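Scope of the values below: all heavy atoms of this structure, side chains included, with no hydrogens, waters or symmetry mates. Here the structure is a predicted model, which is why all the values come from computation and not from measurement. Heads up: numbering here begins at 1 and tracks the sequence.
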Amino acid sequence: AALLDQFNRSTMVFVSLSAWGGFYNSPKPFLLPVAAVLLVFGFGYSIFRVRELRHTLVQVWFWSIVIIGSTIFAIAPNAERMVGGLPAAALLAAIGLAKIVELLKLMKLASPPMLNGLAAGIMAIASLQNGYYYLVEYQKSRVFAHPYEEFETDTSLYAEKLGPDYRMYMLITLPLEVVHFPAHDYLAYDIEAIQLDTINSEVLQALPKDKGMVFFAIPEKRAELEQVAEFFPGGKWREVPLVPIPGQPPVIMYYSYEIPAP
């Protein structure tokens with residue numbers, strides 16, 4: 001029953017179920033109505049022609065992503081691992097559009113040029129419908145926002161601007177851990193990052209003074225960052241908000257305190 005539920009959510013997410021999972025969190029399926037209908041037609045046609053190599057390859061491509069990337073791997077639909085199946089879904093939707101137009105031509109309901117124009121119009125509508133949703137509606141809703149990921153990325157980018165003459169000190173709590181900051185290793189690989197689990201005068205006095213220091217603190221650690229500011233007066237205090245989500249009050253992502261290099 002669990003596997004069947006996983007399978008259902010991993011397949012129907014392309015056409016009808018919301019893609020609520022992973023870091024995508026879309027309230028709508030991968031393909032919106034026009035493209036979804038074309039996918040259903042194309043998929044059905046391809047299944048009946050699966051013995052042909054070209055259809056075999058598309059089906060294997062699609063189902064390997066659905067099954068390995070989502071059904072048996074993690075809570076479905078596992079959107080971030082199913083991205084590789086979207087080109088296959090687009091091919092199947094294109095097959096559906098092509099075969100619908102071929103059928104209309106056989107029925108001689110209109111001239112071939114008119115039907116070709118109709119196909120181009122349907123393709124444009126499907127593309128604009130999906131593109132507008134993803135690039136406008138979805139982006140503005142920011143349902144994909146993840147505070148820890150934004151914290152990790154923003155602090156790494158800011159530290160990289162300061163350069164290797166600085167060390168960055170992180171005042172964070174679980175599940176945030178410096179050792180699990182892949183964005184920092186990529187964006188600011190030449191800047192040392194140190195996690196401070198305790199803040200007191202002895203810890204601060206022992207910090208090396210050969211480089212500048214920038215302290216980053218999540219909101220829960222603001223009081224400890226204020227201790228740092230009292231111990232090292234004259235630094236630069238910053239409050240960095242999360243990118244706002246429409247309809248929700250502003251939220252602080254982190255605080256930072258910067259002490260210039262000697």
Side-chain angles (χ1 to χ4, degrees), residues 1-110 112-139 143-144:
L3 284 175
L4 285 175
D5 180 62
Q6 286 276 104
F7 180 78
N8 178 63
R9 286 189 283 140
S10 299
T11 53
M12 300 309 293
V13 69
F14 284 92
V15 294
S16 62
L17 296 181
S18 63
W20 203 265
F23 292 98
Y24 187 50
N25 293 332
S26 171
K28 296 184 179 181
F30 290 157
L31 301 181
L32 298 187
V34 176
V37 171
L38 296 177
L39 172 61
V40 172
F41 275 100
F43 186 85
Y45 180 87
S46 181
I47 282 290
F48 280 106
R49 298 290 190 278
V50 73
R51 291 185 179 181
E52 298 179 26
L53 178 60
R54 53 184 177 173
H55 288 288
T56 302
L57 293 176
V58 173
Q59 291 291 331
V60 170
W61 181 0
F62 179 81
W63 287 115
S64 63
I65 296 294
V66 167
I67 294 174
I68 300 175
S70 182
T71 301
I72 64 174
F73 190 83
I75 297 176
N78 200 318
E80 65 268 31
R81 290 184 173 86
M82 295 178 71
V83 173
L86 293 177
L91 284 173
L92 292 168
I95 292 171
L97 177 60
K99 296 307 173 183
I100 290 173
V101 173
E102 283 185 16
L103 179 61
L104 294 176
K105 287 180 179 179
L106 290 174
M107 297 172 64
K108 297 182 179 180
L109 298 178
M114 185 177 295
L115 292 174
N116 290 337
L118 175 64
I122 293 174
M123 182 174 65
I125 292 172
S127 300
L128 290 173
Q129 190 177 52
N130 284 274
Y132 178 81
Y133 170 69
Y134 183 74
L135 298 175
V136 180
E137 293 181 16
Y138 174 78
Q139 294 289 343
V143 293
F144 57 88

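The ring-ring contact (aromatic ring centres under 6.0 Å, His included) search around Phe73 returns none, not counting sequence neighbours. Applying the side-chain contact (heavy atoms from CB on, under 4.5 Å) rule to Ala94 yields no partners; only residues at least two apart in sequence or on another chain are considered.
With Ser46 as the partner, the side-chain hydrogen bond (donor to acceptor under 3.5 Å, both in side chains) test is satisfied by one option alone out of Lys99, Glu52, Gln59: Gln59.
In this structure, Ile72 CD1 and Asn78 CG are separated by 11.5 Å, a value rounded to the nearest 0.5 Å. Note: Ile95 CD1 to Arg49 CZ = 11.0 Å, rounded to the nearest 0.5 Å. Annotation: the span from Ser16 atom OG to Asn8 atom CG amounts to 7.5 Å, rounded to 0.5 Å. To the nearest 0.5 Å, atom CE of residue Met114 and atom CG of residue Leu109 are 11.5 Å apart. Here the CZ-CG distance, from Phe62 to Leu86, works out to 9.0 Å after rounding to the nearest 0.5 Å. Annotation: the span from Thr71 atom OG1 to Asp5 atom CG amounts to 10.0 Å, rounded to 0.5 Å.
Counting only residues at least two apart or in different chains, ring-ring contact (aromatic ring centres under 6.0 Å, His included) contacts with residues 113-136 comprise Tyr134-Tyr138.
Comment: Glu102 does not engage Lys105 in a salt bridge, judged by the lack of any side-chain N to carboxylate O separation of less than 4.0 angstrom.
When every heavy atom of Val101 is checked against every heavy atom of Ala119, the shortest pair comes out as CG2-CB, 3.5 Å. When all heavy atoms of Leu115 and Ala110 are compared, the closest pair comes out as CD1-O, 3.7 Å. Across Tyr24 and Ala79, no two heavy atoms sit closer than the pair CB-CB, 3.4 Å. Shown here for Ile65 and Gly84, the closest heavy-atom pair between the two residues is CG1-C, 3.9 Å. Shortest non-hydrogen contact noted between Ala93 and Ala35 is CB-O, 4.0 Å. Nearest heavy atom pair, residue Ser18 against residue Pro27, reads CB-O, 3.3 Å.
Side chains of Trp63 and Thr11 form a contact here, defined as non-hydrogen atoms less than 4.5 Å apart. Val15 is not listed as a side-chain neighbour of Pro29, based on a closest heavy-atom distance of 4.5 Å or more.
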_Run Leu38 and Ile122 through side-chain contact (heavy atoms from CB on, under 4.5 Å) and show every step you take._
CA-CA 10 Å; Leu38 296 177; Ile122 293 174; 4.0 Å; yes
*What's the verdict on side-chain contact (heavy atoms from CB on, under 4.5 Å) for Arg9 and Ile75, showing C-alpha distance, side-chain angles and the deciding distance?*
CA-CA 9 Å; Arg9 286 189 283 140; Ile75 297 176; 4.2 Å; yes
*Would you sort out whether Leu53 and Leu57 count as a side-chain contact (heavy atoms from CB on, under 4.5 Å), showing the intermediate values?*
CA-CA 6 Å; Leu53 178 60; Leu57 293 176; 4.1 Å; yes
*Taking it one step at a time, do Leu92 and Val58 satisfy side-chain contact (heavy atoms from CB on, under 4.5 Å)?*
CA-CA 8 Å; Leu92 292 168; Val58 173; 3.5 Å; yes
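Relative orientation of the Phe30 and Phe14 rings is perpendicular, given thresholds of 30° and 60° on the angle between their planes.
A donor-acceptor pair is defined here as one N or O able to donate and one able to accept, closer than 3.5 Å; no such pair exists between the side chain of Ser70 and the backbone of Ala76.
Using a 3.5 Å distance cut-off with no hydrogens or angles, the side chains of Asn130 and Lys28 do not pair a donor with an acceptor.
Within a 6.0 Å sphere centred on CZ of Phe41, heavy atoms belonging to other residues, nucleotides or ligands number 12 at most.
The six-membered or imidazole ring of His55 lies near that of Tyr45, with a centre-to-centre distance under 6.0 Å.
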